[in-house]
*Asks:* 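The following block contains the structure, expressed as structure tokens.
Whatever order the structure lists ligands and atoms in, that order sets their numbers, starting from 1. Counting from 1, the numbers follow the sequence of the chain as shown.
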Amino acid sequence: MPMTLPRILRPLLASAAAVLAFSAGAQDFPNRPLTMVMPYAPGGPGDVITRVFAGAFQRILGQQVVVENPAGASGTVGSGRVARAKPDGYTLLMIHVSHATNVAMFKNLPYDPVADFEPIGSATSGPMLIAARTGFPAKDLPEFISYLRANAPKISLAHAGVGSASHLCGLMMQSVLGVKLNEIPYKGTGPALNDLMGGQVDLLCDQTSGTVPSIKGGKIKAYAAAGRSRLPQLPELPAISEAGVQGFDINISFGLYAPKGTPKPVIDTLTATLQKAVTDPEVRQRLEGMGVSAVSTERARPEALRAHLRQEIEVLGGLLLRAGVKPD
Ligand code: MLT
């Protein structure tokens, strides 16, 4: 005689079965390809960094990792896509400072950068530099600064949208030099770099991972590292502080996130994978070649990325608003 469950218990059993199925999925995670979303255009500094980690995750997890670049609106298009993705660990977001600045830059952000994501851990940190088209008329850093101060309204400055790393760097440069340039937004500094190489735009303040090869190849030129110290990859390039410019020191860190609600066993697997990636000699060597550092295993953890994001939200949102940047 088959036992029929009291009606009241059926939903309870159904949800228990769903949890068990989901946790079973979590237990053999990953059993199919993953997607790493980089919310800026292909060819930019974020894209090259993401592809290094996608390759490492693929080797470590034994599953294909596809990088996708749903770019636009300062990284909010791609970030929104991950926020709405199924929380199963197969759709991840690799993003940097704009995850924090977008809180201040968009009144109607279609997601909450903190509440709608599970941090997995930080991945990299890296410096920025001031680059120009090869025909830009200044022979060195002192002349560059003088030329900007004398010709600012005629000079165009590319960036990847309000709150992006290149935008922040450009704002800081304009602020410390006391100039206002003609800002041109792009969907990423990959496309911006193409226009810099083509001479369609004058300047770009960008991460080394997007610019060092083009500088070494003579396709663009650089005037300064955007900080207090020179870059090992470009030892001849002065730091902007050498021109007596203080208060301009920017470093960009990328971190990995999953959608809110991703089961903890899956987050643990992804965090363990990230920890292996940041200590992987091949990953470290490839990043160092672009002037970028893999973070320590202490930073490649959820609580470290959560704290880093909170600090960037607190510090950078106010900086942008004080700089007069109007939220969208
Ligand atoms: C990119 O990958 O295009 C950059 O990270 C965008 C930016 O400047 O933040």
*Asks:* At a non-hydrogen distance cut-off of under 4.0 Å, which region of His96 contacts ligand 1 (side chain, backbone, both, or neither)?
*Replies:*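 Only the side chain of His96 comes within reach of ligand 1.
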*Asks:* Taking only residues two or more places apart in sequence, or in another chain, which ones meet His159 in a ring pair (Phe, Tyr, Trp, His ring centres under 6.0 Å)?
*Replies:*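 Ring pair (Phe, Tyr, Trp, His ring centres under 6.0 Å) list for His159, sorted by chain: His167.
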*Asks:* Could you check whether any heavy atom of Ala41 sits closer than 4.0 Å to an atom of ligand 1, since that is the contact criterion I want to use?
*Replies:*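 No; Ala41 lies far enough from ligand 1 that no heavy-atom distance drops under 4.0 Å.
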*Asks:* Any idea how Tyr257 and His99 line up, ring-wise: parallel (<30°), tilted (30 to 60°), or perpendicular (>60°)?
*Replies:*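 Aromatic pair Tyr257/His99 classed tilted.
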*Asks:* How far apart are the C-alpha atoms of Lys276 and Asp280, what are their side-chain angles, what is the distance that settles it, and do they pass the side chain to side chain contact (heavy atoms under 4.5 Å, CB included) test?
*Replies:* CA-CA 6 Å; Lys276 288 176 186 162; Asp280 180 285; over 6 Å; no
*Asks:* Among all protein heavy atoms, pick the one closest to atom 6 (C) of ligand 1 and tell me residue, atom and distance.
*Replies:* Ala160 CB, 3.5 Å
*Asks:* Leu171 versus Glu183: any side-chain heavy-atom pair under 4.5 Å?
*Replies:*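 They are in side-chain contact.
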*Asks:* For ligand 1, which atoms, with element, lie under 4.0 Å from some heavy atom of Ser164?
*Replies:* 7 (C), 8 (O), 9 (O)
*Asks:* With a 4.0 Å cut-off on heavy atoms, does Gln207 reach ligand 1?
*Replies:* yes
*Asks:* Using the side-chain hydrogen bond (donor to acceptor under 3.5 Å, both in side chains) rule, take Ser98 and Tyr40 through it: C-alpha gap first, then chi angles, then the decisive distance, then the call.
*Replies:* CA-CA 10 Å; Ser98 63; Tyr40 286 94; 2.9 Å; yes
*Asks:* Got the closest protein heavy atom to atom 2 (O) of ligand 1, with its distance?
*Replies:*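 Checking every protein heavy atom, the shortest distance to atom 2 (O) of ligand 1 gives Gly46 N, 2.8 Å.
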*Asks:* I'd like to check which ligand 1 atoms, numbered from 1 as shown, lie under 4.0 Å from a non-hydrogen atom of Gly188.
*Replies:*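 Listed by number with element, the hits are 3 (O).
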*Asks:* So which heavy atom in the protein is nearest atom 8 (O) of ligand 1, and how far is it from that ligand atom?
*Replies:*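 Of every protein heavy atom, Ser166 OG, 2.6 Å lies nearest to atom 8 (O) of ligand 1.
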*Asks:* Tell me yes or no: between the side chains of Asn182 and Ser156, is some donor less than 3.5 Å from an acceptor?
*Replies:* no
*Asks:* Can you name the nearest heavy-atom pair linking Leu34 to Leu92, along with the distance?
*Replies:* CD2-CD1, 4.2 Å
*Asks:* For atom 3 (O) of ligand 1, what's the nearest protein heavy atom and its distance?
*Replies:* Thr189 N, 2.8 Å
